[in-house]
Visitor: 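Attaching a single structure in structure tokens format; questions to follow.
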Amino acid sequence: MKNYNDRVDDYIEKSPEFARPILIHLREIVHKACPDIEETIKWRAPFFEYNGLVCMMAAFKKHCCFGFWKQSLLESELFEKEKTAMGSLGKITTIEQLPAESELIRLICKAVELNVNGIKVDKKAAKSRPLPKTPKGLADALKQNKAAKAFFDKMSPSHKREYIEWIMEAKTQPTREKRIATTIEWLSEGKSRNWKYEKKK
């Protein structure tokens, strides 16, 4: 099919069973909103492009996400006030949980329009979003590891937020403690949260 990418097919096929119908549904809505949109894989997840990045979707072990690349320039009550997961709509576990198709199409069309008109995100304004408070467990662990603390302190707010939100997303204490331990290990090695996906210089 035109503008459909085989790598996205593979991604969906390899996703958890619960996630497949959600990803298929979201994919079709995106193409319905913009028939000329193109698919690609970036940072190991499906992205949709038209004159630049428009939106993305991803599947995890227990939830999916869907996000707009220029969310800060879009207005919708669908967007969570407090970010709880990567993406714009929070953690998605069923198709029924998704917003009305008409609203998603409206937002996708608006996102495409932003790209067509060459409107860019004000990076300074985007970075002004308050940084979540460092979880006590992470703060205590940082005090015990000078190398990790030194690297964390000099990280940009956006990189700090990636670690903090990842830890805060943990639903159980054991998972949170494991993520804190991993965070300290990676920080002591001078690594960002998504170091695996960063291009090597």
Side-chain angles (χ1 to χ4, degrees), residues 5 8 11-12 15-16 18-35 37-132 156-171 192-194 197:
N5 191 311
V8 175
Y11 181 93
I12 293 174
S15 296
F18 83 91
R20 293 171 202 160
I22 298 173
L23 297 178
I24 292 171
H25 185 66
L26 286 169
R27 186 187 197 186
E28 293 309 311
I29 289 177
V30 173
H31 283 278
K32 186 174 182 179
C34 180
I37 207 160
E38 296 185 352
E39 301 178 344
T40 187
I41 296 289
K42 290 181 178 291
W43 301 290
R44 299 186 182 183
F47 275 75
F48 300 91
E49 298 180 310
Y50 188 88
N51 282 31
L53 296 176
V54 175
C55 53
M56 59 76 67
M57 63 184 186
F60 301 93
K61 290 183 178 180
K62 295 184 179 180
H63 73 275
C64 296
C65 74
F66 182 82
F68 291 94
W69 190 249
K70 296 180 178 178
Q71 179 183 324
S72 61
L73 299 180
L74 299 171
E75 293 184 4
S76 176
E77 294 181 355
L78 300 178
F79 301 152
E80 296 188 331
K81 293 181 179 180
E82 295 295 331
K83 185 178 174 63
T84 58
M86 181 176 70
S88 305
L89 307 177
K91 296 180 178 180
I92 304 166
T93 57
T94 65
I95 289 180
E96 291 71 26
Q97 190 181 342
L98 291 170
E101 181 177 312
S102 58
E103 178 62 9
L104 277 177
I105 289 177
R106 182 188 74 80
L107 287 169
I108 294 165
C109 289
K110 180 62 178 178
V112 168
E113 183 182 338
L114 292 172
N115 285 359
V116 171
N117 293 330
I119 299 174
K120 298 181 179 181
V121 174
D122 183 339
K123 294 183 178 180
K124 291 184 178 180
K127 290 182 179 179
S128 65
R129 184 161 60 98
L131 183 68
S156 66
S158 61
H159 281 173
K160 288 181 180 179
R161 182 179 290 110
E162 289 174 351
Y163 269 123
I164 292 173
E165 292 180 343
W166 181 52
I167 292 170
M168 293 173 65
E169 286 173 8
K171 293 184 177 181
S192 67
R193 162 76 177 90
N194 295 307
Y197 311 124

Visitor: Does K62 have any salt bridge (charged side-chain N to carboxylate O under 4.0 Å, His left out) partners at least two apart in sequence or in another chain, and if so, which?
Guide: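 K62 satisfies salt bridge (charged side-chain N to carboxylate O under 4.0 Å, His left out) with no other residue.
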Visitor: Should we count NZ of K160 as having more than 12 external heavy atoms under 6.0 Å?
Guide: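 Yes, the 6.0 Å shell around NZ holds more than 12 heavy atoms from other groups.
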Visitor: Which atoms form the tightest heavy-atom contact between F48 and H31, and what is the distance?
Guide: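 Looks like CE2-NE2, 4.1 Å.
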Visitor: Please verify the inter-ring angle class for F47 with W69; under 30° counts as parallel, over 60° as perpendicular, anything in between as tilted.
Guide: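 Plane angle over 60°, so perpendicular.
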Visitor: Can you confirm whether the side chains of S88 and Q71 place a donor and an acceptor under 3.5 Å from each other?
Guide: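 Judged by distance alone, the side chains do pair up.
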Visitor: Quick one: CG on L98 to OG1 on T94, what's the gap to the nearest 0.5 Å?
Guide: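 Going from the CG atom of L98 to the OG1 atom of T94 covers 7.0 Å.
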Visitor: Run the numbers on I12 and M57 for side-chain contact (heavy atoms from CB on, under 4.5 Å), then give the verdict.
Guide: CA-CA 10 Å; I12 293 174; M57 63 184 186; 4.2 Å; yes
Visitor: E38: what forms a salt bridge (charged side-chain N to carboxylate O under 4.0 Å, His left out) with it, not counting sequence neighbours?
Guide: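 Residues passing salt bridge (charged side-chain N to carboxylate O under 4.0 Å, His left out) with E38: none at all.
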Visitor: Set out, in order, the CA-CA distance, both residues' side-chain angles and the distance that settles side-chain contact (heavy atoms from CB on, under 4.5 Å) for S15 and L23, then state yes or no.
Guide: CA-CA 9 Å; S15 296; L23 297 178; 3.5 Å; yes
Visitor: Quick check: do P46 and I41 have side-chain heavy atoms less than 4.5 Å from each other?
Guide: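 A side-chain contact exists here, since the closest heavy-atom pair is under 4.5 Å.
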Visitor: Measure the acute angle between the ring planes of F66 and F68, then classify it against the limits of 30° and 60° as parallel, tilted or perpendicular.
Guide: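 Aromatic pair F66/F68 classed perpendicular.
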Visitor: Measure across Q97 and K91 and return the closest heavy-atom pair with its distance rounded to 0.1 Å.
Guide: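 Looking at all heavy atoms of both residues, the closest pair is NE2-O, 2.6 Å.
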Visitor: Output, in order, the C-alpha distance, side-chain angles, deciding distance and verdict of side-chain contact (heavy atoms from CB on, under 4.5 Å) for V30 and C34.
Guide: CA-CA 6 Å; V30 173; C34 180; 5.9 Å; no
Visitor: Check whether any side-chain heavy atom of L89 lies under 4.5 Å from a side-chain heavy atom of L104, and answer yes or no.
Guide: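 In short, these two side chains touch, coming nearer than 4.5 Å.
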Visitor: Rounded to the nearest 0.5 Å, how far apart are OH of Y50 and CG of L114?
Guide: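 CG of L114 is found 13.5 Å from OH of Y50.
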Visitor: Measure the spacing between CE of M168 and CD of E165 and express it to the nearest 0.5 Å.
Guide: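 With rounding to 0.5 Å, CE (M168) is 7.5 Å from CD (E165).
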Visitor: For residues N51 and V116, report the shortest heavy-atom separation together with the two atoms involved.
Guide: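 It is ND2-CA, 3.9 Å.
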Visitor: If every non-hydrogen atom of V54 is compared with every non-hydrogen atom of A111, which pair is closest and at what distance?
Guide: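 Residues V54 and A111, closest heavy atoms: CG1-CB, 3.7 Å.
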Visitor: Could you check if a side-chain atom of E169 sits within less than 4.5 angstrom of a side-chain atom of H63, using non-hydrogen atoms only?
Guide: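 The answer is no, as the side chains (C-beta and beyond) never meet within the 4.5 Å cut-off.
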Visitor: Assess whether side-chain contact (heavy atoms from CB on, under 4.5 Å) is satisfied between E101 and K32, documenting all intermediate values.
Guide: CA-CA 10 Å; E101 181 177 312; K32 186 174 182 179; 2.7 Å; yes
Visitor: Just verifying a value: how many Å separate C64 SG and L26 CG, rounded to the nearest 0.5 Å?
Guide: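 Reported value, rounded in 0.5 Å steps: 7.5 Å.
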Visitor: Kindly write out the residues that satisfy salt bridge (charged side-chain N to carboxylate O under 4.0 Å, His left out) with E39, not counting sequence neighbours, or none if the list is empty.
Guide: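 Salt bridge (charged side-chain N to carboxylate O under 4.0 Å, His left out) list for E39, sorted by chain: R27.
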Visitor: Working to the nearest 0.5 Å, report the span between OG1 of T40 and CE of M56.
Guide: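 Result: 12.0 Å between the selected atoms.
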